[in-house]
Amino acid sequence: MNVFITGASSGLGEALAHQYAKAGATLGLFARRRDRLLTLRETLTTAFPSPVHLYEGDVTDAQALQRAAQDFLAQAGVPDIVIANAGVSHGTITGGEGDADLPVFREVFDTNVMGIVNTFHPFIDAMREARQGTLVGVASVAGFRGLPGSSAYSASKAAAISYLESLRVELRGSGVAVVTLCPGFIATPMTANNPYPMPFLISATEAADLMVRAIARKKRRYVFPWPMMLASKLLRVLPDAVYDALFAHAPHKPRK
């Protein structure tokens, strides 16, 4: 099994790398921090015999992903699973002192939306030709409703969910599956500084285990953990006026 993962140097990406290495997969790990990638490869290859290919780069750089994909295809072959996991989250506001947040909006959208497109694009032709494989995009329950103070993050994850749905339908009948993962709160560096309660928080290891199972079943959309799935369904059906009143004074994520 060949698995390519972005955002692999920490958090969910690192936990997923451990899960698939344990299963004997050949890994392609893409992330910005080469030192973390080198440490991760040493850890994985010490514990498991799986080959690990490292690629340093940013998912906003389409050419970097193109080069990584070409090398992975040459070294390992067509991937069975490509996981677009890299993401960023920053508190943002629009207008006033939020003028400084305009570059942050762009960073969040470029990473969380275009990062998925850039990850999938160089692999799709080979996967379609092989008529096999699964493209996995990591979105979020934050994409179901707009959260105050997290407008860039919520909007980017909503866009990711819609993009992945469009792609899934486009690829219907091609042999290539598309899986949309919508986690709730996961204990990772991204959530470490959140100044508010995080209900149903689970560890990255727990999350990765659930994700691997959903990917194996080729679930079209998977919201987890299950209490967050129920909560997200409730939030989606709340009338706008009720939602506005409930969340008007919710604490905001710190700005960058």
Legend entry - Salt-bridge criterion met for D209 and R213 (N-O under 4.0 Å): yes
Inset, instruction - Using atom types as modelled and distance alone, determine if a side-chain donor or acceptor of D101 lies under 3.5 Å from a backbone N or O of I93. - result: yes
Inset, instruction - Following the transitive rule for hydrophobic clusters with a side-chain heavy-atom cut-off under 4.5 Å over Ile, Leu, Val, Met, Phe, Trp and Tyr, establish whether I81 and F123 coincide in one cluster. - result: no
Legend entry - Test item: Y222 and I215 side chains (from C-beta on) under 4.5 Å apart, heavy atoms: no
Inset, instruction - Assess the side chains of R33 and S9: does a donor N or O sit below 3.5 Å from an acceptor N or O? - result: yes
Inset, instruction - Before accepting this row, confirm whether a basic side-chain N of the pair R220/E165 lies closer than 4.0 Å to the acidic partner's carboxylate O. - result: no
Legend entry - Test item: D80 side-chain N/O and G133 main-chain N/O as donor-acceptor pair under 3.5 Å: no
Inset, instruction - Spell out, yes or no, whether I186 and I5 are grouped together once hydrophobic residues are joined by side-chain heavy atoms under 4.5 Å, including indirect joins. - result: yes
Legend entry - Donor-acceptor pair between S203 and E206 side chains, under 3.5 angstrom: yes
Inset, instruction - Please answer: with hydrophobic residues joined when any side-chain heavy atoms are less than 4.5 Å apart, are I161 and F185 in the same cluster? - result: yes
Legend entry - Greater than 12 external heavy atoms within 6.0 Å of Q75's CD: yes
Legend entry - R145 side chain vs L238 backbone, donor-acceptor pair below 3.5 Å: yes
Inset, instruction - May I ask you to decide if R32's main-chain N or O and D58's side chain share a donor-acceptor pair within less than 3.5 Å? - result: no
Inset, instruction - Anything under 30° is parallel, anything over 60° is perpendicular, the rest tilted; go ahead and classify F120 against Y163. - result: parallel
Legend entry - Heavy-atom check, side chain of T92 versus side chain of T94, under 4.5 Å: no
Inset, instruction - Start with the C-alpha gap between H53 and L27, add the side-chain angles, then the distance that decides, and say whether side chain to side chain contact (heavy atoms under 4.5 Å, CB included) holds. - result: CA-CA 6 Å; H53 304 277; L27 298 177; over 6 Å; no
Legend entry - Chi angles and distances behind the side-chain hydrogen bond (donor to acceptor under 3.5 Å, both in side chains) call for T111, T60: CA-CA 6 Å; T111 302; T60 63; 5.6 Å; no
Legend entry - Side-chain heavy atoms of Q132 within contact of V176, under 4.5 Å: no
Inset, instruction - Could you verify whether a donor N or O on one side chain and an acceptor N or O on the other, from Y55 and D71, lie under 3.5 Å apart? - result: yes
